[in-house]
Amino acid sequence: MKHGKWHKRQVDQSLPAWKVEFLRYKELKPIVSAVSGRPPSPAEFVALLDAEIEKINAFFIEQEEFFIIRHKELQVAIRDALVRKAAVPESAHEAEIAAIRREIVNFHGEMVLLLNYSSVNYIGLAKILKKYDKRTGAVLRLAVIETVLAQPFFTAEAVTLMVRECEAMMEAVFPTAPGEGQAAARRDREALAAAEQRIFRNTVAALLAMEDVRSGSSTRGRHSLPPLTLPDSEWLRSFQPPSPIPIQ
């Protein structure tokens, strides 16, 4: 699949309100690839990319701050529900825990979407820089990518940590029932994740595809892309669909 089509698919699979926040790959490509006419100078092109990076960073930081608040609220909700367990009817406690489960699954899925947002934009920047260098003979790609590696949207440390902590919270609200073992607990998790398919499953497929792209090459050169810091989670991989999204 060509990158332009793949990029559009990733944008379309994201949350509707996020679509305008992605790298404008479709608009940048004809600027670089036009057969007739002069492509922008290196300074002009870097200025275009800087504006895109500033937009991406602003959106990422805004979402990250929102997620930090939401993460703390969920931690408090779990703690309070466990404290109240002995004082409320069992049916009321189960209903409260079920509501928290849905919140956590949605929250986890949205954070994975934000990591995917980071990945899609990073690879889009690398792709459009490669096209520009090939079209003009310039050597912008490595220099610009070096600056991108330090950007908040790329490092994503807080979000990655919250994804792992969210998975730990999942274990807290998906306790293994006596005698059923881990297989039953996993069935419960899979059933709930399937119910939240809009946010979760497509996102996991995209994120795992990103991970595969970064680790797929056995050779590394001066134009190789550095690996992303992605969640290292068997729980996340347990939801991998049978046909990940291919990237060429």
Side-chain angles (χ1 to χ4, degrees), residues 1-15 17-65 113-160 206-207 209-230 245-248:
M1 181 185 298
K2 295 294 185 180
H3 180 76
K5 291 183 179 180
W6 179 87
H7 184 93
K8 183 179 184 300
R9 176 183 291 185
Q10 297 302 305
V11 173
D12 289 344
Q13 288 180 340
S14 188
L15 298 177
W18 291 20
K19 292 182 180 182
V20 297
E21 306 296 344
F22 280 84
L23 176 76
R24 296 180 306 118
Y25 184 85
K26 182 179 179 180
E27 289 76 13
L28 289 170
K29 184 178 176 182
I31 293 175
V32 172
S33 304
V35 175
S36 60
R38 181 184 67 85
S41 69
E44 292 169 335
F45 190 61
V46 169
L48 286 173
L49 295 186
D50 283 345
E52 290 293 300
I53 292 169
E54 183 178 354
K55 176 191 74 176
I56 293 165
N57 269 332
F59 176 75
F60 185 91
I61 291 170
E62 179 184 38
Q63 293 300 312
E64 183 180 62
E65 291 173 350
L113 271 180
L114 192 61
L115 289 178
N116 190 49
Y117 172 84
S118 171
S119 301
V120 170
N121 287 309
Y122 174 80
I123 289 185
L125 285 166
K127 290 286 188 179
I128 202 67
L129 280 161
K130 183 177 180 181
K131 285 183 179 296
Y132 181 84
D133 284 358
K134 184 177 180 180
R135 173 78 168 81
T136 65
V139 285
L140 289 181
R141 184 169 181 248
L142 287 180
V144 175
I145 288 298
E146 281 298 317
T147 67
V148 170
L149 298 185
Q151 299 300 320
F153 88 86
F154 178 82
T155 55
E157 293 176 357
V159 177
T160 301
L207 183 57
M210 287 288 151
E211 188 176 31
D212 292 341
V213 165
R214 298 297 182 81
S215 61
S217 176
S218 60
T219 60
R220 304 199 66 81
R222 62 192 298 265
H223 294 290
S224 297
L225 301 181
L228 268 178
T229 304
L230 297 177
I245 301 169
I247 304 173
Q248 296 178 0

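Here the structure is a predicted model, which is why all the values come from computation and not from measurement.
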NZ-NZ distance between Lys127 and Lys2, expressed to the nearest 0.5 angstrom
9.5 Å
Going by the rule side-chain contact (heavy atoms from CB on, under 4.5 Å), which residues pair with Ala58 if we only count those two or more places apart in sequence or in a different chain?
none
Between Ser33 (side chain only) and Pro30 (backbone N and O only), is there a donor and an acceptor less than 3.5 Å apart?
no
ring-ring contact (aromatic ring centres under 6.0 Å, His included) with Phe45: which residues, sequence neighbours excluded?
Tyr132
Report the residues that fulfil side-chain contact (heavy atoms from CB on, under 4.5 Å) with Glu62, sequence neighbours left out, ordered by chain and then residue number.
Phe59
Hey, is the main chain of Leu115 close enough, under 3.5 Å, to the side chain of Ser119 for a donor-acceptor pair?
yes
Report yes if the side chains of Lys131 and Arg135 come closer than 4.5 Å at any heavy-atom pair, otherwise no.
no
Any side-chain heavy atom of Ile31 within less than 4.5 Å of one from Pro39?
no
Find out whether Leu125 and Val144 are in side-chain contact, i.e. whether some heavy atom of one side chain is under 4.5 Å from a heavy atom of the other.
no
Can you tell me how far the CG atom of Leu142 sits from the CG atom of Asp133, to the nearest 0.5 Å?
8.0 Å
In this structure, CG of Leu49 is separated from CG of Leu23 (nearest 0.5 Å) by 7.5 Å
Return the minimal non-hydrogen interatomic distance between Ile56 and Glu21, and the atom names on each side.
CG1-O, 3.9 Å
Quick check: are there more than 12 heavy atoms from other residues, nucleotides or ligands sitting under 6.0 Å from NZ of Lys130?
no
Inspect the contact between Arg24 and Glu52 and indicate whether a charged nitrogen and a carboxylate oxygen are less than 4.0 angstrom apart.
yes
Beyond-backbone contact of Phe153 with Val148, side-chain heavy atoms, under 4.5 angstrom
yes
side-chain contact (heavy atoms from CB on, under 4.5 Å) filter on Glu64, not counting sequence neighbours, yields Phe60, Ile68, Ala158, Val159
Any idea which heavy atoms bring Leu113 and Ser14 closest together, and the distance?
CD2-CA, 4.3 Å
Once salt bridge (charged side-chain N to carboxylate O under 4.0 Å, His left out) is applied, do any residues pair with Glu44, and if so which ones, sequence neighbours excluded?
Arg38
Show, in sequence, the C-alpha distance, side-chain angles and deciding distance for Trp18 and Gln63, and conclude whether the side-chain contact (heavy atoms from CB on, under 4.5 Å) test is met.
CA-CA 10 Å; Trp18 291 20; Gln63 293 300 312; 3.7 Å; yes
From NZ (Lys29) to OH (Tyr25), nearest 0.5 Å
5.0 Å
With sequence neighbours excluded, tell me which residues meet side-chain contact (heavy atoms from CB on, under 4.5 Å) with Lys19.
Val11, Asp12
Should Glu157 and Thr160 be marked as a side-chain contact (heavy atoms from CB on, under 4.5 Å) after you check the CA-CA gap, both sets of side-chain angles, and the distance that decides it?
CA-CA 5 Å; Glu157 293 176 357; Thr160 301; 5.9 Å; no
Between the CZ atom in Phe22 and the CG atom in Asn121, the distance rounded to the nearest 0.5 Å is 6.0 Å
Atom CG in Asp50, atom NZ in Lys55: separation rounded to 0.5 Å?
13.5 Å
